[in-house]
There are 2 protein chains.
Amino acid sequence: MTDQQVPSTIKDEALIVKRRNQMIKGAVTLFMEKGFHKTTTREIAKASGFSIGTLYEYIRKKEDVLFLVCDSIYQRVKERMEASIDPEQTTVKSLIQAVRSYFQLMDDMQDEVLVMYQEVKSLSREAQEYVLQKERDMVAMLEQVIINSLPGEYAEAEVRLMANNIFVQGQMWGFRRWILQRNFTIKTYTDTQIHLLLRGLGKETEGIIQPADNAGHA
Amino acid sequence: MTDQQVPSTIKDEALIVKRRNQMIKGAVTLFMEKGFHKTTTREIAKASGFSIGTLYEYIRKKEDVLFLVCDSIYQRVKERMEASIDPEQTTVKSLIQAVRSYFQLMDDMQDEVLVMYQEVKSLSREAQEYVLQKERDMVAMLEQVIINSLPGEYAEAEVRLMANNIFVQGQMWGFRRWILQRNFTIKTYTDTQIHLLLRGLGKETEGIIQPADNAGHA
DNA sequence: CGATGTTGAGCGAGCGTTCAATCGTCATTT
DNA sequence: AAATGACGATTGAACGCTCGCTCAACATCG
């Protein structure tokens, strides 16, 4: 699919895909080093292996590059998640496995995820909405795994929050690397998070915890 | 304290403080609306109530404004945390209370925290280091509360991770508001998080969970 | 009238974007 | 086989504008 979101003057569809992949690859590195705003269109062109003029045959505005980058990253993350997680499994073990492979994924792609995280806000409102939908889908996947693994044990709101927690804890491994990766490897991080997830504090909960079976609107 | 980090040509110390507070107040709003990079120095000056020339009597570079803003926000958050949390308490109840007041704080200051979070990366390496130290301090506070509330029950690594989780869950309320605040109020969010924190999944943990008493380097 | 603080027009660099010129390829004509 | 021309793709010099930053002139006050 040649992102309809970003039209091009070029006719050759295969070429568009090829050139855009060059762009994305070059741009990610640059965005990682200096951020979107401090990166020049000329730099992007050079890193992509063609000239500034050519760049503008494949995009309209600089922001289009950012969109292509974010979209591509989200897409890859989503695909790898779909490939490694089977939401039809129904054991706690499979939940654990899902968390493990998700965390591993976030470790593999931490640079990309970090870039995405820091720059999506520079996208236009619509582009953000478009890209964020993929995020919702991923959280929903985690939700589904939880529901299937622990049927009937948790309120809807709890499950939703758990899914969000896991999702963010994965990203956190990347965007708080400066502190976490001094204390953990991805393996020990994963193990410890799973440990906390399963055990909780498990004591003296009487009277302190509210029912928490709420799902109302704000 | 007149941030030594950002020198000024003005002699009157009290005036510096006053003008900088004007700057910070105006800038936060602008950064929130359009982000640091898309905000003009002229806009900052106008929002602060003085001219572009005056602005540059109180800072050297545009980035100084960002530093002042981030520093001020971190400072306020840290102060409010110190005021509302007593790390000497030794009950689970006091841990809960600490989480409650921290989450409430993050709700009160979500706009500021969001700005900070999205823009710190635009600071210079040193400025980031300086500001991040405050973050470390805050996480350490949470760590201390946990240690005192649950003495001897958790490995060092677990406590550290728990503190980081709570810290991030607080921020998450702000930076994932577009999804969380459709499903929760700050009250239900807090209750549910505490619920999950205390209970865990609490079942079938045998053979799945590793010891997780690790604290090695990456 | 010095000293301190304020002003905003103006400078100049840098950047996003354009487009006339050029290249490469291949079907058509001679 | 060579010449022609049409078409799609590529190039980078050039344009115009924005924006960070300066500074000579001015205001205020003791």
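Keep in mind it's a predicted model, so treat the numbers as computed, not measured.
Protein atom CZ of Phe36(B) is 11 Å distant from nucleotide atom C1' of dG20(D), rounded to whole Å. Distance CD1 (Ile16(A)) to P (dG8(D)): 13 Å, rounded to an integer number of Å. Following rounding to the nearest Å, Glu43(B) (CD) and dT18(D) (P) show an atom-to-atom distance of 12 Å.
Sparse packing is recorded around NZ of Lys25(A), with 12 or fewer heavy atoms of other residues, nucleotides or ligands lying under 6.0 Å away. Lys18(A) NZ: 12 or fewer foreign heavy atoms inside a 6.0 Å radius.
Ring geometry, Phe67(A) versus Tyr130(A): the interplanar angle falls from 30° to 60°, so the pair is classed tilted.
Taking 4.0 angstrom as the limit, Thr41(B) places none of its side-chain polar atoms (N or O) nearer than this to OP1 or OP2 of dC19(D).
A 4.0 Å heavy-atom criterion places the boundary nucleotides of DNA chain C facing chain B at dT4(C) to dG10(C), written 5' to 3'.
Mapped onto DNA chain C by nearest heavy atom, Lys11(B) and Glu63(A) fall at different nucleotides, with Lys11(B) at the one closer to the 5' end.
If you check every strand for non-hydrogen atoms under 4.0 Å, Ser8(A) touches nothing.
The closest side-chain heavy-atom distance from Leu114(B) to Asp111(B) is not below 4.5 Å.
Using a cutoff of 4.0 Å between basic side-chain nitrogens and carboxylate oxygens, Glu33(B) and Lys38(B) are not scored as salt-bridged.
Checked against a 6.0 Å centroid threshold, the rings of Phe103(B) and Trp173(B) do not count as neighbours.
Side-chain contact, Lys134(A) with Gln75(A): a donor N or O sits under 3.5 Å from an acceptor N or O.
A ring-ring contact (aromatic ring centres under 6.0 Å, His included) check over residues 37-66 of chain B, counting only residues at least two apart or in different chains, returns the pairs His37(A)-His37(B).
Less than 4.0 Å separates DNA chain C from at least one heavy atom of each of the following residues of residues 49-59 of chain B: Phe50(B), Ser51(B), Ile52(B), Gly53(B), Thr54(B), Glu57(B), Tyr58(B).
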